[in-house]
Amino acid sequence: MPEFKTSPGTRDILAPHSARWRAFQEVFARTVEAAGYSYIIPPMFEDLDVFLRLGEATEVVTKEMYDFHDKGGRHVALRPEQTASVCRAFVEHRPTTPWKVWYSGPNFRYEKPQQGRYRQFDQVGVEALGADDPLLDAEVIALAAKFYADLGLRKVHLSINTLGDEGDREKYSQQLSRYLTTNEKSLTSESRATLERNPLRVLDSKREPDQKVIAGAPAIRDSISATANEHFEAVLQSLDALNIKYEINNRLVRGLDYYRRTTFEFTSTALEAAHTAIGGGGRYDGLVEALGGPATPGIGFALGLDRTLLACDAEQVFDAPQTAVDVFVVDTVNGRHAQELCHLLRSNGVRADRAYDLRSMKAQMKSADRSGAQIALIIGSEEVEKATIMLRPMGSGEQYSIARKDLLGEVRKALDTK
RNA sequence: GUGGGCGUAGCUCAGUUGGUUAGAGCGCCAGGUUGUGGUCCUGGAGGCCGGGGGUUCGAGACCCCUCGUCCACCCCA
């Protein structure tokens with residue numbers, strides 16, 4: 001057993017999986033940049049207070065933060081998500097609105113790891129700040145849906161809800177609290193504890209006894225303001241116009257307390273177990289203000305790479321891309337011919353690799369096979385004498401001699417006909 | 001954070017009621033083929049049986065602790 005292993009909830013991502021990750025990020029970049037979102041790279045840690053603004057009832061903040069004091073005595077934390085950082089960046093730089101950005105990178109939450117749940121986990125996402133327009137809500141949701149489709153996913157389910165405005169949320173929270181308190185005896189002890197902290201979160205409970213109580217709970221849509229309701233209607237209408245299928249789920253509250261109005265979640269129906277949630281987001285119209293900026297509306301979403309890729313596995317789509325070289329050079333003379341040929345080929349845009357330590361031809365051919373190269377170039381003493389190279393298209397069982405000076409042309413020709 | 005399953009070779013896993021030098025397949029290396037891979041054959045390397053303690057004449061198997069991992073809850077991506 002090795003002395004050192006990765007920390008719990010972290011892991012190395014090796015080929016071919018790593019190539020898939022990169023491709024994933026590239027597809028995302030293409031999708032959102034085509035909609036006018038620019039790339040932002042926020043720092044991985046910030047002043048702890050930035051994240052505390054996410055809400056005192058948010059478990060991500062209260063229980064799962066990776067925080068520490070740095071050598072200068074600052075109390076900092078690894079980011080648990082990126083929305084807060086983006087809003088902080090907005091306040092710090094005051095870009096013109098609407099400010100539409102996308103990001104990609106790791107976040108950190110101190111949780112008990114499971115499949116699809118890591119302490120360091122990657123998300124991609126977008127945030128759009130400075131516009132109230134319900135059409136923007138629909139655009140953001142449509143963008144996420146398009147991205148899933150671009151990956152090839154079909155079994156993605158969209159749930160949507162509105163939490164009303166700040167006052168509505170509070171009003172509903174009290175109303176719900178009254179209802180739940182009345183029925184407290186029927187709730188599980190866990191939910192009774194949750195009820196103390198944040199009544200809205202009780203709606204998330206999947207426990208049987210709670211489900212019965214929740215089924216009879218008042219719905220938030222009945223207690224939101226006319227303007228918030230109007231906003232929600234407009235979002236739905238726009239989604240209909242874009243032909244995006246959704247299900248209104250008035251129990252959907254989500255774990256981050258900053259959400260106002262529109263909130264949504266994508267689940268994969270191809271996945272089972274606890275990690276079906278592959279992405280989500282919503283409006284957070286009070287967050288910029290909470291971070292000391294001017295009242296600025298905002299909306300965004302984040303998708304988990306791991307879970308989305310698990311969904312891809314389940315649907316057997318979005319395979320890892322091939323990263324093979326084009327050519328493998330076998331040199332049984334001294335290795336220097338391979339060195340020079342590789343250099344020449346690479347300089348001319350041909351992907352080339354070789355073996356080292358002057359191993360036997362058999363061993364080098366085996367490496368050539370494993371490399372996935374389409375052709376092997378073989379150089380032995382005979383070739384060196386005649387200034388030729390043996391060109392062997394892999395898989396054909398045939399090979400032919402070419403003049404060394406014709407290398408580039410012959411290689412290109414052989415690659416083309418493949 | 002709570003509860004449960006599982007930790008044996010690089011990987012996937014066997015390992016009888018505790019009994020001598022711990023196995024297989026795949027992968028890796030070498031040879032069969034002194035210039036040729038993908039098939040086949042032969043051989044080889046590679047394990048403090050997750051770690052620590054205990055029971056026993058004897059532990060990979062049993063007990064305790066610990067760490068890791070997986071599953072459920074919780075939370076969420």
Side-chain angles (χ1 to χ4, degrees), chain A residues 1-11 14 54 57-64 80-83 104-125 144 188-191 193-194 197-198 201-202 204-208 210 252-256 265-268 271-281 301-311 328 330-333 355 357 359-385 390-399 401:
Chain A
M1 279 299 128
E3 192 179 352
F4 294 111
K5 291 197 272 193
T6 54
S7 249
T10 69
R11 70 268 195 240
L14 309 178
L54 294 172
T58 304
E59 292 209 347
V60 164
V61 171
T62 55
K63 291 168 66 179
E64 302 173 358
E81 50 112 68
Q82 298 192 230
T83 304
S104 169
N107 303 314
F108 306 85
R109 295 181 194 173
Y110 194 87
E111 293 189 275
K112 194 159 173 175
Q114 269 179 32
Q115 191 177 67
R117 191 168 90 180
Y118 301 94
R119 288 184 177 171
Q120 177 179 331
F121 64 100
D122 267 59
Q123 287 184 328
V124 295
T188 60
S189 56
E190 291 96 326
S191 283
T194 310
R197 289 199 317 277
N198 186 352
R201 301 228 44 79
V202 176
D204 265 352
S205 169
K206 290 170 205 140
R207 291 173 289 261
E208 274 296 324
D210 297 333
L252 178 67
V253 291
R254 297 190 51 75
L256 297 156
E265 190 168 280
F266 291 92
T267 52
S268 167
L271 289 178
E272 281 162 22
H275 50 258
T276 58
I278 56 175
F301 68 75
L303 312 178
L305 254 81
D306 286 291
R307 289 190 185 179
T308 307
L309 286 174
L310 284 173
F328 196 94
V330 172
D331 173 357
T332 57
V333 180
D357 298 326
R359 304 215 296 148
S360 71
M361 169 155 294
K362 182 177 173 133
Q364 291 193 47
M365 283 304 294
K366 202 163 184 173
S367 299
D369 189 48
R370 269 199 294 261
S371 76
Q374 295 174 54
I375 60 181
L377 295 174
I378 301 161
I379 299 173
S381 46
E382 204 175 306
E383 282 75 19
V384 171
E385 262 173 50
M390 197 60 83
L391 192 159
R392 181 179 179 91
M394 298 300 279
S396 71
E398 285 164 19
Q399 60 187 28
S401 182

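Every chain is numbered from 1, with letters handed out A, B, ... down the list of sequences.
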Inset, instruction - Please measure how far the P atom in U17(B) lies from the corresponding atom in U39(B), and state the result in whole Å. - result: 39 Å
Inset, instruction - In whole angstrom, give the distance that lies between atom CG of Leu391(A) and atom C1' of G37(B). - result: 15 Å
Legend entry - Distance, C1' atom - from U8(B) to G68(B), rounded to whole angstrom: 15 Å
Inset, instruction - Provide, to the nearest angstrom, the distance between the CG atom belonging to Asp331(A) and the P atom belonging to G37(B). - result: 17 Å
Inset, instruction - Could you measure between the two C1' atoms, the one in U69(B) and the one in U12(B), and give it in whole Å? - result: 16 Å
Legend entry - Rounded distance (nearest 0.5 Å) linking atom CD of Glu81(A) with atom CD of Gln123(A): 7.5 Å
Legend entry - Per Ser360(A) side chain, nearest of listed nucleotides U69(B), A77(B), G31(B): G31(B)
Inset, instruction - Side-chain contact test, heavy atoms from C-beta onward, threshold under 4.5 Å: evaluate it for Thr276(A) versus Ser268(A) and give yes or no. - result: no
Legend entry - Gap in Å between the two C1' atoms, one belonging to G47(B) and one to C13(B), rounded: 15 Å
Legend entry - Minimum-distance nucleotide (side-chain atoms of Gln115(A) versus U69(B), G37(B), C70(B)): C70(B)
Legend entry - Test item: Thr308(A) and Val124(A) side chains (from C-beta on) under 4.5 Å apart, heavy atoms: no
Inset, instruction - Decide yes or no, distance alone: a donor-acceptor N/O pair under 3.5 angstrom between the base of U36(B) and the side-chain of Gln399(A). - result: yes
Legend entry - base_contact_polar (A77(B) base, Glu81(A) side chain, donor-acceptor, <3.5 Å): no
Legend entry - Nucleotide of U69(B), A30(B), C75(B) approaching Glu64(A) most closely (side-chain heavy atoms): C75(B)
Legend entry - Contact under 4.0 Å: Gln364(A) side-chain N or O vs G37(B) OP1/OP2: no
Inset, instruction - Go through G31(B), A72(B), A77(B) for me and flag the one nearest to the Lys362(A) side chain. - result: G31(B)
Inset, instruction - Measure from CE on Met365(A) to P on A30(B) and round the result to the nearest Å. - result: 15 Å
Legend entry - Nucleotide nearest Glu382(A) when distance is taken to its side chain, options G35(B), G37(B), A72(B): G35(B)
Inset, instruction - Using the P atom on both, measure U34(B) against G38(B) and round to a whole Å. - result: 15 Å
Inset, instruction - Side chain of Arg109(A) only, please: which of A77(B), G68(B), C75(B) is the nearest? - result: A77(B)
Inset, instruction - For A22(B) versus G46(B), give the span between their C1' atoms, rounded off to a whole number of Å. - result: 14 Å
Inset, instruction - Decide whether a cation-pi geometry holds between Arg109(A) and Phe121(A); the criteria are a distance under 6.0 Å from NZ or CZ to the six-membered ring centre and an angle within 45° of the ring axis. - result: no
Inset, instruction - When you get a sec, tell me which of C75(B), U36(B), A72(B) is the closest nucleotide to the side chain of Met361(A)? - result: U36(B)
Legend entry - Arg11(A) and Asp306(A), any side-chain heavy atoms less than 4.5 Å apart: yes
Inset, instruction - Under a 3.5 Å limit for both distances, which nucleotide forms a Watson-Crick or G-U wobble pair with G68(B), could you say? - result: C6(B)
Legend entry - Rounded distance (Å) that lies between atom P of G37(B) and atom CZ of Arg392(A): 8 Å
Legend entry - Non-neighbouring partners of Ser381(A) that pass side chain to side chain contact (heavy atoms under 4.5 Å, CB included), sequence neighbours left out: none
Inset, instruction - Identify the nucleotide, in any strand shown, that forms a Watson-Crick or G-U wobble pair with C74(B), with both distances under 3.5 Å; if there is none, say none. - result: none
Legend entry - Under 3.5 Å donor-acceptor pair, Gln82(A) side-chain atoms to A77(B) base atoms: no
Inset, instruction - Using the C1' atom as the reference point in each nucleotide, state the distance between U2(B) and G58(B) in Å, no decimals. - result: 39 Å
Inset, instruction - Could you tell me the separation between the OH atom of Tyr110(A) and the P atom of A77(B), rounded to a whole number of Å? - result: 20 Å
Inset, instruction - Answer with base, sugar-phosphate or nothing: what part of the nucleic acid does Arg359(A) contact at a heavy-atom distance below 4.0 Å? - result: sugar-phosphate
Inset, instruction - Decide yes or no, distance alone: a donor-acceptor N/O pair under 3.5 angstrom between the base of G37(B) and the side-chain of Asp369(A). - result: yes
Inset, instruction - Please say which of Arg359(A), Gln364(A), Met365(A) ends up in a side-chain contact (heavy atoms from CB on, under 4.5 Å) with Met361(A). - result: Met365(A)
Inset, instruction - Measure distances between side-chain N and O atoms of Lys112(A) and base N and O atoms of U2(B), and say whether any donor-acceptor pair falls under 3.5 Å. - result: yes
Legend entry - Assigned partner base of A24(B), Watson-Crick or wobble definition, under 3.5 Å: U12(B)
Legend entry - Test item: Arg119(A) side-chain N/O and Lys112(A) main-chain N/O as donor-acceptor pair under 3.5 Å: no
Inset, instruction - Assign Gly372(A) to base, sugar-phosphate, or nothing according to its heavy-atom contacts below 4.0 angstrom with the strands shown. - result: nothing
Inset, instruction - Assign each of Gly116(A) and Ile379(A) to its nearest nucleotide of RNA chain B by heavy atoms, then name whichever residue's nucleotide is nearer the 5' end. - result: Ile379(A)
Inset, instruction - Can you tell me the pairing partner of U42(B) across any strand shown, Watson-Crick or G-U wobble, with both distances under 3.5 angstrom? - result: A30(B)
Inset, instruction - Answer with yes or no whether Arg117(A) presents, from its side chain, a donor or acceptor under 3.5 Å of a partner atom in the base of C74(B). - result: yes
Legend entry - G-U wobble or Watson-Crick pairing nucleotide for U36(B) (cut-off 3.5 Å, both distances): none
Legend entry - Distance, rounded to the nearest Å, where Ile278(A) contributes CD1 and A77(B) contributes P: 12 Å
Inset, instruction - Give a yes or no on whether a donor-acceptor pair under 3.5 Å exists between the nucleobase atoms of G37(B), that is its base, and the side chain of Arg370(A). - result: no
Inset, instruction - Output the single nucleotide from G37(B), U69(B), G35(B) whose closest atom is nearest the side chain of Glu383(A). - result: G35(B)
Inset, instruction - Starting at atom CD of Gln123(A), determine the distance to atom C1' of A77(B), rounded to an integer number of angstrom. - result: 5 Å
Inset, instruction - Could you state the atom-to-atom distance from NZ of Lys366(A) to C1' of G31(B) in whole Å? - result: 12 Å
Inset, instruction - Could you give the distance separating C11(B) and G3(B) at their C1' atoms, to the nearest angstrom? - result: 31 Å
